Novice: 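The following block contains the structure, expressed as structure tokens.
Throughout, a chain's letter reflects where its sequence line sits, starting with A, and its residues are numbered from 1. Since we're looking at a predicted model, the values are computed, not measured.
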Number of protein chains: 2
Amino acid sequence: MHTPIGETLHRLLHAYKRAMRDGYTTAGIELTGAQIRMIKGIASDPDASAQAIAKRTRQDKGHIARLIKDLEGEDLITRRPHPSDSRYRQLKLTAAGHALATRIAEVEAEAGARMARHLPDPDIERFVELAEAMIANLESSENPL
Amino acid sequence: MHTPIGETLHRLLHAYKRAMRDGYTTAGIELTGAQIRMIKGIASDPDASAQAIAKRTRQDKGHIARLIKDLEGEDLITRRPHPSDSRYRQLKLTAAGHALATRIAEVEAEAGARMARHLPDPDIERFVELAEAMIANLESSENPL
DNA sequence: CCCAATTAGTTGACTAAATCAACCAACACG
DNA sequence: CGTGTTGGTTGATTTAGTCAACTAATTGGG
């Protein structure tokens with residue numbers, strides 16, 4: 001029997017999501033997973049636009065726009081016009097957003113540590129490398145033109 | 001900066017889901033991902049009950065029940081009372097269900113091969129092992145009692 | 001300069017996926 | 001018995017994600 005890698009992937013992502021959600025609720029963070037990923041995305045690329053994030057994460061731009069709207073409503077991010085190209089909106093974290101991003105990073109680090117428990121560091125690195133290689137494989141064959 | 005393993009996981013799962021969906025549509029399979037996973041689950045454990053599947057996949061039993069209802073409506077599975085315990089419903093694939101399971105396995109194998117392209121077999125195996133170990137880590141610390 | 005094509009963003013409508021909670025029927029077993 | 005447990009069903013709701021139509025701003029060619 002060949003490895004049911006899809007099933008494993010699915011279960012892993014769900015176990016991870018559950019662990020993260022637990023961590024978030026015990027840390028008193030009220031956002032959804034997608035919102036949290038947005039915060040992280042903006043935090044790690046401070047001049048990102050909605051489009052840039054949509055492309056980087058391969059997500060629908062409409063989906064992204066809605067997340068941004070919500071987060072702006074929570075005063076976690078601001079949306080300012082780009083100085084030279086007024087189509088763009090520069091996304092920035094507010095002070096509250098930054099504080100939240102820090103706490104998110106802590107929770108995530110803790111969950112990551114729990115997930116990686118008893119597993120040697122090199123294996124974890126290899127795991128991430130393989131995952132990235134797989135993503136590249138899948139995406140390169142998706143649009144073969 | 002430690003590896004953003006959660007983000008990688010998320011992107012990998014989505015890339016995989018997209019690849020699978022492409023494969024399914026070109027193969028003329030009309031089911032959703034969750035329904036397909038159900039078919040596979042029943043195929044690999046022919047005497048499974050809804051509860052058994054819910055437990056094995058850690059999914060909500062209500063969710064499972066709905067999927068089963070849909071699949072029964074498509075005449076892909078049957079739901080028969082258990083001979084000695086009439087609470088159970090024995091889930092079986094119909095002939096159409098079996099045929100579909102075979103085609104699903106083909107599509108999945110093809111997508112798996114695409115995903116694993118240029119990656120040595122031992123690495124893939126290691127990848128799955130690590131994923132399983134991570135799932136175990138996450139779930140054991142989820143309910144520490 | 002003007003028009004066409006492109007790009008960023010917004011919005012509406014929709015589907016899929018998953019969770020929570022309430023509920024019923026059948027069973028186990030003291 | 002009857003009390004608690006287990007398997008299953010259903011309703012309501014939330015989160016995620018997709019597709020399509022649309023506006024506004026920019027760019028580049030003639």
Side-chain angles (χ1 to χ4, degrees), chain A residues 6-7 9-11 13-18 20-22 24-25 29-38 41 47-73 77-91 142, chain B residues 6 9-11 13-18 20-22 24-25 29-38 41-42 47-73 77-91 142:
Chain A
E7 200 64 26
L9 232 47
H10 189 258
R11 283 193 297 128
L13 189 85
H14 273 272
Y16 185 72
K17 270 165 82 173
R18 265 193 295 269
M20 292 303 275
R21 210 174 41 197
D22 284 2
Y24 292 140
T25 53
I29 299 173
E30 301 267 289
L31 301 178
T32 67
Q35 290 173 329
I36 286 171
R37 252 178 296 118
M38 272 297 302
D47 287 326
S49 65
Q51 193 73 357
I53 292 177
K55 274 188 182 135
R56 184 158 53 76
T57 63
R58 264 89 179 177
Q59 291 203 273
D60 185 75
K61 61 178 181 171
H63 186 40
I64 300 290
R66 263 175 267 265
L67 291 171
I68 289 172
K69 193 171 55 173
D70 292 347
L71 292 175
E72 198 186 21
I77 65 175
T78 59
R79 209 170 18 154
R80 290 189 296 198
H82 188 283
S84 66
D85 187 336
S86 61
R87 289 173 303 180
Y88 286 75
R89 301 297 159 92
Q90 265 184 341
L91 302 175
E142 221 165 66
Chain B
L9 233 47
H10 189 259
R11 283 192 298 127
L13 190 84
H14 274 271
Y16 184 72
K17 270 164 85 172
R18 266 192 295 267
M20 292 302 276
R21 210 176 40 199
D22 284 1
Y24 293 141
T25 53
I29 299 173
E30 302 266 288
L31 301 178
T32 67
Q35 289 174 330
I36 286 170
R37 251 177 296 117
M38 272 298 301
I42 297 173
D47 287 325
S49 65
Q51 193 75 354
I53 292 176
K55 273 187 183 139
R56 185 160 51 79
T57 62
R58 264 87 180 179
Q59 291 202 273
D60 185 74
K61 61 179 182 170
H63 186 41
I64 300 291
R66 263 175 268 266
L67 291 171
I68 289 172
K69 192 172 56 175
D70 292 346
L71 292 175
E72 198 186 21
I77 65 175
T78 58
R79 207 170 22 154
R80 290 188 297 197
H82 190 281
S84 67
D85 186 338
S86 61
R87 289 174 302 180
Y88 285 74
R89 300 298 159 92
Q90 266 185 340
L91 302 174
E142 221 164 66

Novice: To the nearest Å, give me how far apart NE2 (A:H63) and P (C:dA13) are.
Specialist: 19 Å

Novice: Under 4.0 Å, counting only non-hydrogen atoms across every strand here, what does B:G62 touch: a base, just sugar-phosphate, or nothing?
Specialist: base

Novice: Rounding to a whole Å, what distance do you find between A:H14:NE2 and C:dA16:P?
Specialist: 16 Å

Novice: Nearest heavy atom decides the nucleotide; on that basis, is B:S84 or A:K69 closer to the 5' end of DNA chain C?
Specialist: A:K69

Novice: Within the 4.5 Å heavy-atom criterion, are A:H10 and B:K17 side-chain neighbours or not?
Specialist: no

Novice: CG of B:L67 versus P of C:dA16: gap in Å, rounded?
Specialist: 11 Å

Novice: Got a sec, which residues hit salt bridge (Lys or Arg N to Asp or Glu O under 4.0 Å) with B:R87, two or more places apart in sequence or on another chain?
Specialist: B:D85

Novice: Write out a two-atom table: protein N or O, nucleotide N or O from nucleotides 23-26 of chain C, distance below 3.5 Å.
Specialist:
residue : atom : partner : partner atom : Å
C:dA26  : O3'  : B:S86   : OG           : 2.7

Novice: Base, sugar-phosphate, or nothing: which does B:K55 touch, judged by heavy atoms less than 4.0 Å apart?
Specialist: sugar-phosphate

Novice: Any side-chain heavy atom of B:R58 within less than 4.5 Å of one from A:R18?
Specialist: yes

Novice: Would you kindly give the CE-to-P distance between B:M20 and C:dA16, to the nearest whole Å?
Specialist: 17 Å

Novice: Would you say that A:I53 contacts A:L91 through its side chain, given a criterion of any heavy-atom pair below 4.5 Å between the two side chains?
Specialist: yes

Novice: Can you sort out the partners of A:Y88 under ring pair (Phe, Tyr, Trp, His ring centres under 6.0 Å), two or more places apart, ordered by chain and number?
Specialist: A:H82

Novice: Select base, sugar-phosphate, or nothing to describe what A:A65 touches, counting heavy atoms under 4.0 Å on all strands.
Specialist: base

Novice: Would you say A:L9 and B:Y16 make side-chain contact, with heavy atoms under 4.5 Å?
Specialist: yes

Novice: Could you check whether A:H82 gets within reach of a base, just the sugar-phosphate, or nothing at all, counting any heavy atom under 4.0 Å?
Specialist: nothing

Novice: Verify the contact: side-chain N or O of A:H10 to OP1 or OP2 of C:dA18, cut-off strictly under 4.0 Å; return yes or no.
Specialist: yes

Novice: Please tell me which of B:R21 and B:R79 maps to the more 5' nucleotide of DNA chain D, matching each residue to the nucleotide holding its nearest heavy atom.
Specialist: B:R79

Novice: How close or far is atom C1' of C:dT7 from atom CD1 of A:I64, stated in whole angstroms?
Specialist: 16 Å

Novice: Whole angstrom is fine here: how far is it from CG in A:D60 over to C1' in C:dT11?
Specialist: 12 Å

Novice: Only pairs under 3.5 Å count here: list side-chain donor-acceptor contacts from residues 65-73 of chain A, not counting sequence neighbours, and write none if there are none.
Specialist:
residue : atom : partner : partner atom : Å
A:E72   : OE1  : A:R79   : NE           : 3.1
A:E72   : OE1  : A:R79   : NH2          : 2.4

Novice: Rounded to the Å, how far apart are A:I77 CD1 and C:dG9 C1'?
Specialist: 13 Å

Novice: Mind checking if B:R66 touches a base, just sugar-phosphate, or nothing, with heavy atoms under 4.0 Å?
Specialist: base

Novice: Considering just the side-chain nitrogens and oxygens of B:Q59, establish if one lies under 4.0 Å of OP1 or OP2 belonging to C:dA18.
Specialist: yes

Novice: If you define the side chain from C-beta out and look only at heavy atoms, does anything of B:R37 sit under 4.5 Å from B:T57?
Specialist: no

Novice: For B:A34, answer base if it contacts any base atom (sugar-phosphate contacts may also be present), sugar-phosphate if it contacts only those atoms, and nothing otherwise; contact means non-hydrogen atoms under 4.0 Å.
Specialist: sugar-phosphate

Novice: What residues form a salt bridge (Lys or Arg N to Asp or Glu O under 4.0 Å) with A:R11, not counting sequence neighbours?
Specialist: B:E132

Novice: Rounding to an integer number of Å, can you tell me how far B:R37 CZ sits from C:dA17 C1'?
Specialist: 9 Å

Novice: Drop me the distance from A:I29's CD1 to A:Q35's CD, to the nearest 0.5 angstrom.
Specialist: 12.0 Å

Novice: Which nucleotide of DNA chain D is the first, and which the last, in the 5' to 3' direction, to come under 4.0 Å of a heavy atom belonging to chain A?
Specialist: D:dT15 to D:dT26

